Amino acid sequence: MAQSLADRINNLEESSTLLMSKKSRELAAQGHKVINLSIGEPDFKTPKHICEAAKDAIDKGFHSYTPVAGIPELRKAIAEKFRRDNHIDWNPENVIVSTGAKHSLANVIQVLVNPGDEVVILAPYWVSYSEMVKLAEGKSVIVEGAFENDFKVTPEQLEQAITPKTKVIMFASPNNPTGAVYSEEELRAIAKVVEKHPDVFVLADEIYEYINFREEGHFSIGSIPEIKDRVITVNGMAKGFAMTGWRIGYIGAAKWIVDGVEKLQGQVTSGTNHIAQRASVVAWDDLSVTATMRNAYLERRNIVVGLLKEIPGFKVNVPEGAFYAFPDVSYYFGKSDGSTVIRNSDDLALWLLEKAHVATVAGSGFGAPNCIRISTAASEDSLREAIGRIKEAVATLK
Ligand code: PMP
Ligand code: GLU
């Protein structure tokens with residue numbers, strides 16, 4: 001029997017975040033003291049009130065299938081959250097719950113993008129965006145934010161990228177991998193561009209909403225009335241509530257888009273995990289742990305940025321949200337430790353894993369080949385140790 005995977009899988013890149021995490025686990029299994037700063041995953045536990053609600057759901061016998069779009073209680077809680085926190089006036093019928101924000105994003109792309117449609121992705125971007133577009137046979141149009149502009153794309157750049165084939169503009173703020181946060185003013189300027197193109201949709205990934213260090217806090221582009229019906233706001237429980245393994249993501253969008261996603265889920269996954277949905281209903285009742293975690297991420301950001309700036313040749317931006325640092329390391333390209341030549345960020349990330357036993361992710365998969373991503377979702381001690389090891393290692397590159 002020939003092993004003949006479909007072209008759509010053969011042509012798909014493996015997720016570089018998950019791949020580096022796998023490599024890091026393998027090295028650790030061989031007995032090495034690896035510090036894994038590759039995967040972006042909170043190192044905190046899920047808040048107690050959410051865990052209690054999950055236990056209660058098990059005891060009360062919520063073991064059945066749920067409606068495909070999610071239990072009414074959760075859709076209602078999310079609609080209220082959109083209204084209260086994001087000033088987006090959605091009803092429960094505008095909300096659909098999925099198996100993580102990754103699933104939500106992939107669903108929306110499947111539902112909106114026809115073969116040949118263009119999806120403008122603001123770069124640096126999260127590794128899975130371009131592959132989701134590929135799966136839908138769409139064409140990614142990558143628009144790069146400059147380091148000097150805190151990796152953010154300007155409205156002028158966006159305008160230039162839009163063509164009659166553009167269907168969706170896609171980005172995350174706070175951003176993975178850069179930590180950049182688009183301000184209200186910047187988002188309003190982007191919305192003005194979108195307003196001029198009535199057939200273009202905005203896919204706004206707000207999964208890092210609660211990990212935002214700007215004083216004025218989070219602003220949602222979906223709250224701008226002129227384009228509200230064309231903005232799909234994606235969010236999930238993974239980051240703000242340290243619930244990566246619970247797999248709950250959701251969108252707020254015009255009803256016809258939600259209905260499209262429901263049709264797709266109805267054939268592919270059905271409604272997501274019932275216990276996790278019940279637990280998520282109570283999440284917003286108490287945001288104190290979420291705030292504590294955000295403060296810890298801020299302290300770590302300060303430590304990591306300070307230490308990275310001390311490494312000769314590293315160019316470091318100051319992330320305003322999320323839990324990543326994204327230094328430009330291109331100074332080391334072309335240098336060698338005597339046996340290995342570091343040609344690019346992929347080489348450097350692999351070399352750091354082998355030499356320093358620190359797992360990071362190359363910027364190439366994020367559309368930023370000069371950088372590496374370092375997750376700051378780890379204890380202060382391991383962050384200090386890891387960056388010390390990186391500094392020592394790169395000092396041997398000549
Ligand atoms: N969007 C971004 C920008 C992310 O970093 C992630 C990673 N978790 C996701 C979406 C997916 O989140 P989830 O774990 O809910 O699928
Ligand atoms: N979003 C996280 C990251 O960027 C989790 C891993 C993944 O799903 O890609 O590392």
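For this chain, numbers begin at 1 and follow the sequence in order. Both counts, for ligands and for their atoms, begin at 1 and track the order of listing. For clarity, every value in this text was computed on a predicted model and none was experimentally measured.
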Ligand 1 N/O within reach of Tyr208 N/O, cut-off under 3.5 Å:
yes
What is the closest protein heavy atom to atom 15 (O) of ligand 1, and at what distance does it sit?
Ala101 N, 2.7 Å
If we set the cut-off at 4.0 Å for heavy atoms, which region of Met237 has an atom near ligand 1: side chain, backbone, both, or neither?
neither
Contact partition for Lys239 relative to ligand 1, non-hydrogen atoms under 4.0 Å
side chain
Proximity flag Gly236 to ligand 1, non-hydrogen atoms under 4.0 Å
no
Ligand 1 atoms nearer than 4.0 angstrom to some heavy atom of Gly100 are 15 (O), 16 (O)
Measure from every N or O atom of ligand 2 to the protein's N or O atoms and keep only the pairs below 3.5 Å, writing each with atom names and distance to 0.1 Å.
residue: ligand 2; atom: 1 (N); partner: Lys239; partner atom: NZ; Å: 3.4
residue: ligand 2; atom: 4 (O); partner: Trp126; partner atom: NE1; Å: 3.0
residue: ligand 2; atom: 4 (O); partner: Asn176; partner atom: ND2; Å: 3.0
residue: ligand 2; atom: 4 (O); partner: Arg373; partner atom: NH1; Å: 2.9
residue: ligand 2; atom: 8 (O); partner: Lys102; partner atom: NZ; Å: 2.9
residue: ligand 2; atom: 9 (O); partner: Thr17; partner atom: OG1; Å: 2.6
residue: ligand 2; atom: 9 (O); partner: Trp126; partner atom: NE1; Å: 3.4
residue: ligand 2; atom: 10 (O); partner: Gly40; partner atom: N; Å: 2.7
residue: ligand 2; atom: 10 (O); partner: Arg373; partner atom: NH2; Å: 2.7

What are the atoms of ligand 1, with element, lying closer than 4.0 Å to any heavy atom of Asn176?
3 (C), 4 (C), 5 (O)
Look only at interatomic distance and state if Thr244 has a nitrogen or oxygen under 3.5 Å from any nitrogen or oxygen of ligand 1.
no
Heavy-atom contact check, 4.0 Å cutoff: does His103 meet ligand 1?
no
So with a 6.0 Å cut-off around NZ of Lys335, is the heavy-atom count from everything else above 12?
yes
Within 6.0 angstrom of Glu392 CD, more than 12 heavy atoms from elsewhere
no
Looking at Trp126, I'd like to know if the NZ or CZ of Lys102 sits under 6.0 Å from its six-membered ring centre while staying within 45 degrees of the ring's axis.
no
Looking only at protein heavy atoms, what sits closest to atom 3 (C) of ligand 1 is Asp205 OD2, 3.3 Å
From Thr17, Asn176, Thr360, residue fulfilling side chain to side chain donor-acceptor pair (under 3.5 Å) relative to Arg373
Asn176
If the plane angle is over 60° it's perpendicular, under 30° parallel, otherwise tilted; pick one for Tyr125 and Tyr129.
parallel
For atom 14 (O) of ligand 1, the closest protein heavy atom turns out to be Arg247 NH1, 2.9 Å
Do Lys315 and Phe147 form a cation-pi contact, if we require the NZ or CZ to be under 6.0 Å from the six-membered ring centre and within 45 degrees of the ring's axis?
yes
Under 6.0 Å from the six-membered ring centre of Phe62 and within 45° of its axis: does the NZ or CZ of Arg278 meet both?
yes
Please could you name the atoms of ligand 1 that Ala238 approaches to less than 4.0 Å, counting only its heavy atoms?
14 (O), 15 (O)
Parallel, tilted or perpendicular: which describes the rings of Phe323 and Tyr297, with under 30° parallel and over 60° perpendicular?
tilted
Hey, does Glu310 have a side-chain heavy atom less than 4.5 Å from the side chain of Lys391?
yes
Got more than 12 heavy atoms from elsewhere within 6.0 Å of CD, Glu131?
yes
Audit row: Glu320, Asn212, side chain to side chain donor-acceptor pair (under 3.5 Å) steps and yes/no
CA-CA 6 Å; Glu320 292 189 304; Asn212 187 329; over 6 Å; no
Polar contacts were defined as any N/O atom of the residue lying under 3.5 Å from an N/O atom of the ligand; does this apply to Thr99 and ligand 1?
no
Parallel, tilted or perpendicular: ring planes of His357 versus His32, cut at 30 and 60 degrees:
tilted
Which residue holds the protein heavy atom closest to atom 10 (C) of ligand 1, what is that atom called, and what is the gap in Å?
Trp126 CZ3, 3.3 Å
Above 12 or not: heavy atoms from other molecules or residues under 6.0 Å from NZ of Lys76?
no
